[in-house]
S.K.: 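One structure coming up, written as structure tokens, with questions to follow.
Below, each value reflects all heavy atoms present in this structure, side chains not excepted, and no hydrogens, waters or symmetry copies. Per chain, numbering begins at 1; letters A, B, ... match sequence-line order.
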Amino acid sequence: MNSTAKFHEHNIQNLCRENRLEKAMVILHDLDKRAILVDSDIYSCLLQACTKDKSLRQGKKLHAHMLLTGFQLNADSAGTKLLSMYSNCGGFEDARQLFDKILKPNIIPWNVMIRCCVIHRFCNGALTLFYEMQRTGVSPDRFTIPLVLKACASLGFLRQGKDIHGFVAKCGFESDAFVGSALIDMYAKCGVVEYARQMFDKLYQRDVVSWTSMIRGYVQNGQVNEAVDLFRGMQLVGVKPNLITIVSVLPACAHLADLKKGKEIHEYALKRGFHLDVFVVSSLIDMYAKCGAMNFALRVFDKMSQRNVVSWNSIIAGFAHNGNCDGAFELFHRMQGTGIKPNLVTWNTMIAGYAQNGFPNEAIELLYQMQLAGVEWDAVTLASVLPACVALAALQQGKEIHCQILRKGFYSSVFVGSALLDMYCKCGNIEIARRVFDNMLERDAVSWNVMMVGYGVHGHGEEAIALFEQMQQEGMKPDQISFIAVLCACSHSGLVVQGMQFFNQMIRDFHVVPRMEHYASMVDLLGRAGCLEKAEGFIKNMPTKPGVEVWGVLLNACRVHQNIDLGERVAQYLFELEPENTAYYVLLSNIYAEAGRWDDVAKVRAKVKSRGLNKSPGCSWIEVNNKA
DNA sequence: ATAGGGTTAG
């Protein structure tokens, strides 16, 4: 009899190890029929198998079995395993009911319950339990800390996170690797990457997870160069990146559009056999697409054996971003053909793709389809569709969408706010734009910049400059775009001296290295004001080789001020820089046309024809002819 | 017995 029981118990344990839970349960019932009771170890084993299997049904059966056989529930192995089972397979309520039956729970059941909250994204509950536990006289241990830090991280609760850090330092848990990486993660997710770095530097021993957390922290906070540096750094000190490290660092390459680095990491992933992981491959697709290497992105995508919604979204975004909306739409359909439902991100990607590439009707059509598919609009959806509303401003449909946006009350988000702002600026209603701006609960650099550009292009240079100063008073640092905005405002209002002062201030006080757009803005400023020679001198003094945009602006200024001599010279530079671009030929011929020099107009046309360029889209010779 | 880091849209 005893040996039979032992035999069956062994059998159950083996079956559990092999994940054959159903069979193990059958044997348990066989033992029942012979009135043989099993011990705590067997229950532990079976419960663990339930947890692994995510089988709440079997778990509940076991629970009933334990109760029937008079098994005493306490904070021992089987009791904790039962709680874990409810926590992992069921909901918070299931676990809580059992937890309340445990008489004097020690730290372990508390930890399981806190984890249960975190698993079910009930982070406030996790923190409540954390304080409740301490009130009953149970102190947190090194297992508790990472859990509550994770809760703080996902809630963005920096103050609570710092409090816990203080507690950790007092208890000496700071040297624990798990606690350390949880602290790094918490600070990074709360947006203070400097604290995360301090924590990282303080760590006595850094393992893959600490490095990965720090890398990911940098990426989340936009410091992608630092992320890539750390990725090198960890390898230099002999810590091997794992799968999650790769997934964390690839977005940095994507953001930098660093194809070389991305390919290097791809090769590394292949070498380590990580290329079978969906996360890795999806981030590879995204990286290639953002680097503009769609051929590579597609190759990786086609080779995938299992694609999830993110893999599809990444490849669709690649097409949409390159302006190939038809391609994106085809994939959007193919994806649904394979039984994968578009999620919020898919819809938003498609809508943004259409809206940004001149298909406002399609964007709005998808907005409705999305609603029909039961996927709710979020702030990103509405911010994405706004440019389409701008394009359709005169149409009733566009106005309807606009009303719905206001009704949803999403304008309080920064993204939507800035998009709305942009819309009102572009539709010419600068007063409403300003009202939206003033009512925004939160403003980022983009909001300030959009408002300044709005004032600028409407010729309200003084307002733009006032805003530029107000922005700094409110502690917002102007970025390179802000300077483009303020320079643009100066040039539209003819504020030449002020503009030059801003340009110098930008370099001297704000250490912004001027980019081609800044030079182009300066040339525009001088050119519009009619200081064409000054503009030419400015270009000649540039520390870098002037790009086409700079010469293009000057050529346009030559047209406006009818300076044919300079115009011819400038056009010559442009023809050398971009011999295929017919736009400059059009511009030069317009200069001739406005001066009534029809022979020269004809000469330019002949030149273009002889080079076989006249089929190029996007420019019209008809307009020139009509003027004749 | 319980613990840390993961891809996509603006």
S.K.: Which listed nucleotide (B/dA1, B/dT8, B/dT2) is nearest to the side chain of A/V112?
M.R.: B/dT2
S.K.: Which part of the nucleic acid does A/T349 contact within heavy-atom distance under 4.0 Å: base, sugar-phosphate only, or nothing?
M.R.: sugar-phosphate
S.K.: From CE of A/M133 over to P of B/dT2, roughly how many Å is that when rounded to an integer?
M.R.: 17 Å
S.K.: With a 4.0 Å cut-off, would you call A/R197 and A/E194 a salt bridge?
M.R.: no
S.K.: Under 4.0 Å between any heavy atoms, over every strand shown, what does A/A383 touch: base, sugar-phosphate, or nothing? Just pick one.
M.R.: nothing
S.K.: Contact list please: residues 369-382 of chain A against DNA chain B, heavy atoms, distance less than 4.0 Å, in numerical order.
M.R.: A/D378, A/V380
S.K.: Once you round it to whole Å, what is the distance between P of B/dT8 and NZ of A/K341?
M.R.: 23 Å
S.K.: Check whether any side-chain N or O of A/R216 sits under 4.0 Å from OP1 or OP2 of B/dT7, and answer yes or no.
M.R.: yes
S.K.: Side chain of A/S282: nearest nucleotide among B/dT7, B/dA9, B/dG6?
M.R.: B/dT7
S.K.: Measure from the side-chain N and O atoms of A/N221 to the backbone N and O of A/Q223, and report whether any donor-acceptor pair falls under 3.5 Å.
M.R.: no
S.K.: Looking only at N and O atoms, is any donor in the side chain of A/N242 or the base of B/dG5 less than 3.5 Å from an acceptor on the other one?
M.R.: yes
S.K.: Would you say A/K290 reaches B/dT7's phosphate, i.e. side-chain N/O to OP1/OP2 under 4.0 Å?
M.R.: no
S.K.: Given the side-chain rings of A/W312 and A/F332, with only the six-membered ring counted for Trp, is the space between their centroids under 6.0 Å?
M.R.: no
S.K.: Rounded to the nearest angstrom, tell me the gap between atom CD1 in A/I285 and atom P in B/dG6.
M.R.: 20 Å
S.K.: Nearest to the side chain of A/V208, heavy atoms from C-beta on, is which of B/dA3, B/dG5, B/dT8?
M.R.: B/dG5
S.K.: Please state whether the phosphate of B/dG5, meaning OP1 or OP2, lies under 4.0 angstrom from any side-chain nitrogen or oxygen of A/K189.
M.R.: no
S.K.: Any idea which of B/dT7, B/dG4, B/dA1 is nearest the A/N106 side chain?
M.R.: B/dA1
S.K.: If you check every side-chain atom of A/T80, which of B/dA9, B/dG4, B/dA1 has the closest atom?
M.R.: B/dA1
S.K.: Mind checking if A/L243 touches a base, just sugar-phosphate, or nothing, with heavy atoms under 4.0 Å?
M.R.: base
S.K.: Base, sugar-phosphate, or nothing: which does A/S213 touch, judged by heavy atoms less than 4.0 Å apart?
M.R.: sugar-phosphate
S.K.: Does this structure show an ion pair linking A/E267 with A/R272, if we count only N-O contacts that are shorter than 4.0 Å?
M.R.: no
S.K.: Do we get A/R206 above A/F200's six-membered ring, with its NZ or CZ under 6.0 Å from the centre and within 45° of the axis?
M.R.: yes
S.K.: Select one nucleotide: of B/dT7, B/dA9, B/dG4, the one nearest the side-chain heavy atoms of A/N308.
M.R.: B/dT7
S.K.: To the side chain of A/N348, which of B/dA9, B/dG6, B/dG5 is closest?
M.R.: B/dA9
S.K.: Identify which nucleotide among B/dA3, B/dA9, B/dT7 has an atom closest to any side-chain atom of A/L344, counting heavy atoms from C-beta outward.
M.R.: B/dA9
S.K.: Could you please name the option among B/dG4, B/dT8, B/dT2 that lies closest to any side-chain atom of A/S314?
M.R.: B/dT8
S.K.: Looking only at side-chain atoms of A/V345, point me to the closest of B/dA1, B/dG6, B/dT8.
M.R.: B/dT8
S.K.: Is the shortest distance from a Lys or Arg side-chain nitrogen in A/E226 or A/R232 to a carboxylate oxygen in the other one below 4.0 Å?
M.R.: no
S.K.: Does atom OH of A/Y204 have more than 12 heavy-atom neighbours from other groups under 6.0 Å away?
M.R.: no
S.K.: Within this structure, what is the CD1-to-P distance between A/I107 and B/dA1, rounded to whole angstrom?
M.R.: 16 Å
S.K.: Categorize A/S44 for me: base, sugar-phosphate, or nothing, with a 4.0 angstrom heavy-atom threshold over every strand shown.
M.R.: nothing
S.K.: Could you tell me how far apart A/D185 (CG) and B/dG6 (P) are, to the nearest whole angstrom?
M.R.: 6 Å
S.K.: Would you classify A/A320 as touching base, sugar-phosphate or nothing, given that sugar-phosphate means primed atoms plus P, OP1 and OP2, and contacts are heavy atoms under 4.0 Å?
M.R.: nothing
S.K.: For the pair made of CZ in A/R142 and P in B/dG4, what is the distance, rounded to whole Å?
M.R.: 15 Å
S.K.: Could you list the residues that satisfy side chain to side chain contact (heavy atoms under 4.5 Å, CB included) with A/D229, not counting sequence neighbours?
M.R.: none
S.K.: Should the heavy atoms of other residues, nucleotides or ligands under 6.0 Å from CG of A/L103 be counted, would the total exceed 12?
M.R.: no
